[in-house]
Amino acid sequence: MTAVLAGSRLLPVLTVASAASAGPLADALAAGGARCAEVTLRTPDAEQALKAMAAHGALTVGAGTVLTPDQAERAVAAGARFLVSPGFDAEVIDKAKELGVPVVPGAATATELMRALKAGLDTVKLFPAEPLGGTRMVRALAAPFPQARFVPTGGIGPDRLASYLAHPAVLAVGGSWMAAEGHLERGEYAEIRRLTAEAVERSVP
């Protein structure tokens, strides 16, 4: 997963209701300095939006909210370069390995983290990060598992970005504030670009 993120410490998490917004959204994110993005499989148009953003070429695009092996297969066929799941599912992980793409399973407990490590993975999505305790939870899990890397996601806003990235175990931070559903509904691509640029600047050490 480190190679896929290509040095980016910011992962915009996108819920795209209309595939028609995929191109302008990719333009705005790329113009703001984002290098990658996660398109969640939460809407009827998600697969088409993923396909359009992946074909755009400006971003490394992955699929989020991957719950089943079938979703994993369809997402990769649509162009997903990585997969993200809100929890740990062995079948999804096996399918990702079969397809040859990185997968980041969700982990909310030490037990789930141990299962991910046992499956040969070193990166997990700490989810939902803020309700779990935020950076305190990162520190708590990182102490007994120094080999693990985290992508905290869930409830994180721009004001909390730097505190997460300050921890060496945090590979990147996922967030939806840069391109919230309201921004997309209103076509506020200039605002998406501004918020992305601001977040990218905050993510630089």
Side-chain angles (χ1 to χ4, degrees), residues 1-16 25-26 28-42 53 58-66 80-88 102-109 112-113 116 121-143 145-181 183-184 191-205:
M1 191 62 187
T2 304
V4 170
L5 289 174
S8 176
R9 306 199 69 199
L10 185 70
L11 180 61
V13 179
L14 315 169
T15 300
V16 186
L25 174 57
L29 291 170
R35 299 180 184 179
C36 57
E38 172 190 330
V39 177
T40 64
L41 303 182
R42 298 181 185 178
M53 292 191 70
L59 303 165
T60 299
V61 182
T65 320
V66 179
R81 296 275 303 280
F82 60 92
L83 304 174
V84 182
S85 180
F88 182 94
V103 59
V104 182
T109 66
E112 291 168 327
L113 177 52
L121 305 175
D122 62 5
T123 303
V124 298
K125 167 182 174 174
L126 181 65
F127 179 79
E130 282 292 285
L132 285 172
T135 54
R136 289 179 299 142
M137 187 63 165
V138 173
R139 290 194 297 271
L141 287 175
F145 303 106
Q147 71 273 46
R149 292 296 174 265
F150 301 89
V151 182
T153 309
I156 301 172
D159 57 324
R160 300 285 291 141
L161 181 60
S163 62
Y164 278 97
L165 292 176
H167 197 289
V170 172
L171 179 62
V173 170
S176 60
W177 76 87
M178 293 154 279
E181 291 181 63
H183 294 136
L184 293 175
E191 179 67 0
I192 291 172
R193 183 176 66 249
R194 184 190 71 79
L195 291 171
T196 301
E198 182 181 85
V200 168
E201 184 177 354
R202 291 187 182 206
S203 69
V204 176

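Basis for what follows: all heavy atoms, side chains included, without hydrogens, waters or symmetry-related copies. Only a predicted model underlies this, so the values are computations on that prediction, with no experimental measurement involved.
- Atom CE in Met178 sits 8.0 Å away from atom CG in Leu161 (nearest 0.5 Å).
- Across all their heavy atoms, Val170 and Val173 have their closest contact at CG1-CG2, 4.0 Å.
- Between Val84 and Glu38 the shortest heavy-atom distance is CG2-OE1, 3.7 Å.
- With sequence neighbours excluded, no residue satisfies side chain to side chain donor-acceptor pair (under 3.5 Å) with Ser203.
- Listed by chain and number, the residues in a side chain to side chain donor-acceptor pair (under 3.5 Å) with Arg194 are Glu191 (sequence neighbours excluded).
- Just one residue in the list Val124, Thr123, Leu171 forms a side chain to side chain contact (heavy atoms under 4.5 Å, CB included) with Phe150, and that residue is Val124.
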Chi angles and distances behind the side chain to side chain contact (heavy atoms under 4.5 Å, CB included) call for Leu132, Leu126: CA-CA 9 Å; Leu132 285 172; Leu126 181 65; 3.8 Å; yes
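- By the side chain to side chain donor-acceptor pair (under 3.5 Å) test, Thr15 is found to be paired with Thr40, residues two or more places apart in sequence or in another chain being considered.
- Across every non-hydrogen atom of Met137 and Ala108, the tightest pair is CE-O, 3.3 Å.
- Residues Tyr164 and Gly134 share a closest heavy-atom pair of OH-CA, 2.9 Å.
- To the nearest 0.5 Å, the span separating OG1 on Thr196 from CH2 on Trp177 amounts to 9.0 Å.
- Contact record, Val200 with Ala34: CG2-N, 4.0 Å, taken as the closest heavy-atom pair.
- Judged as a salt bridge (charged side-chain N to carboxylate O under 4.0 Å, His left out), the pairs with a partner in residues 128-139 (not counting sequence neighbours) are, in order, Glu130-Arg160.
- Gln147 CD: more than 12 foreign heavy atoms inside a 6.0 Å radius.
- A donor-acceptor pair is defined here as one N or O able to donate and one able to accept, closer than 3.5 Å; no such pair exists between the side chain of Ser85 and the backbone of Leu83.
- To the nearest 0.5 Å, atoms CZ (Arg9) and CG (Leu165) are separated by 4.5 Å.
- Counting heavy atoms from C-beta outward, Val104 and Leu121 have side chains that stay 4.5 Å or more apart.
- For Ala37, the side chain to side chain contact (heavy atoms under 4.5 Å, CB included) criterion is met by Leu14, Leu29, Leu59, not counting sequence neighbours.
- When every heavy atom of Phe82 is checked against every heavy atom of Val61, the shortest pair comes out as CE2-C, 3.8 Å.
- Side-chain contact check for Leu25 versus Val16: some heavy-atom pair is nearer than 4.5 Å.
- Partners of Arg42 by side chain to side chain donor-acceptor pair (under 3.5 Å), not counting sequence neighbours, listed by chain and number: Thr65.
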